[in-house]
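To start, the structure under review is shown below, and the notes come after it.
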Protein chains: 2
Amino acid sequence: MKNENHEVLLEQKGLKKTKVRMALLQHFMGLDHAQSYSDLQTALAKEVDKSTLYRNLTSFEQAGIIHRINDHSGVSKYAFGESPIQGNEHAHFVCECCETVYCMEGLAPLQLKVPKGFKTKKVQTIIRGICAAC
Amino acid sequence: MKNENHEVLLEQKGLKKTKVRMALLQHFMGLDHAQSYSDLQTALAKEVDKSTLYRNLTSFEQAGIIHRINDHSGVSKYAFGESPIQGNEHAHFVCECCETVYCMEGLAPLQLKVPKGFKTKKVQTIIRGICAAC
DNA sequence: TTTATAAATGCAACTAAGTTGCATTTATAT
DNA sequence: ATATAAATGCAACTTAGTTGCATTTATAAA
């Protein structure tokens, strides 16, 4: 991916093109699995301030550039692309061996019957198993 | 539920009958929704030490008395009964209005196709919507 | 009933995630 | 070139959850 693309993306979303954001985009695109805050902190060689990082994750999430995933590990993870609960319906796969989280695109959404009085809006699915790398 | 039942349950699981545990069981049984640490801390009038509470939650979970639920809120919640990923297969319903988490018993587990190299072990489902109380 | 002992409790100190207020810096539109 | 709104960095904070250790308590055995 070229820097050009990142700039266009940020502009589209009305976000200023800053070093931290360019580095973040660079890092997210081309990754096939989700990143925690500490993964990101480690990956972004030039130390980025904690609050700056979190604020950018929030901005990106609101802009639909990334989505936040809760995988039962206790910490949020973030992956490129829109959220499954708005727009891009997909499931998440958590490897029980390496704890890596992948987005599984194109899985049929499921229908579940709920008790009287309850109204389903969205269904979120986490698949646990062993990933291709393990 | 009588105290008798709680005592029997603890004995069955090889756990000592203590005040904190009896109070916890008392609280969990008869509830139709999940509790966070802070819910529990508030509910157990007689202040219980944080680590004692967490340790008991862990013991109860290991004994299959309660199970831990991740509802995307960032904090774990706990509900009476065995875990859906061992034994008691069920989905969790999260109310988008009041954030209450309910266990939905008897929902059919589903088959999802994953990419080559990935192996599914368990599927966890969170249903988001509006609950009967809202 | 007393006593030994292993487990449970309470406390303090800690880690790590995530948030907030504020002063400074920087990207961008004019 | 400059004004301005947004982004950054910093410090201080909150809350979830954990750990080590000394004390207490439930229970089983004498």
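Note on naming: letters A, B, ... go to the chains in the order of the sequence lines (proteins, then strands), and numbering restarts at 1 for each one.
Ring pair B:Y102/B:F93 is perpendicular by interplanar angle, where above 60° counts as perpendicular and below 30° as parallel.
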Could you list all N or O pairs between the protein and nucleotides 16-18 of chain D that sit under 3.5 Å apart?
unit_1, atom_1, unit_2, atom_2, d
D:dG17, OP1, B:S76, N, 3.4
D:dG17, OP1, B:S76, OG, 3.4
D:dG17, OP2, B:Y54, OH, 2.9
D:dG17, N7, B:K50, NZ, 3.0
D:dG17, O6, B:K50, NZ, 3.1

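Take the nearest nucleotide of DNA chain C for B:G14 and for B:D49: the residue whose nucleotide is more 5' is B:G14.
Nearest heavy atoms, B:I69 versus B:A34: CD1-CB, 3.7 Å. Here the shortest heavy-atom pairing between A:E82 and A:H67 reads O-ND1, 3.3 Å. A:D71 and A:E99 get closest at one heavy-atom pair: OD2-O, 4.5 Å.
Within 4.0 Å of A:T52, counting heavy atoms only, lies at least one base atom of the nucleic acid. Nucleic acid contact class of A:R55 (heavy atoms, under 4.0 Å, all strands): base.
Put simply, the side chain of B:Q41 never gets that close to the backbone of B:E47: no donor and acceptor are under 3.5 Å apart.
Of the candidates A:L25, A:N56, A:L57, A:I66 forms a side chain to side chain contact (heavy atoms under 4.5 Å, CB included) with just one, namely A:L57.
Summarising the base pairing, D:dA6 is matched to C:dT25 through a Watson-Crick or G-U wobble pair whose two defining distances lie under 3.5 Å.
Residues B:Y78 and B:V101 are not in side-chain contact: their nearest non-hydrogen atoms beyond the backbone lie 4.5 Å or more apart. You'll find the side chain of A:R68 reaches within 4.5 Å of the side chain of A:T58, heavy atoms only.
Along DNA chain C, read 5' to 3', the first and last nucleotides having any atom under 4.0 Å from a heavy atom of chain A are C:dA17 to C:dT28.
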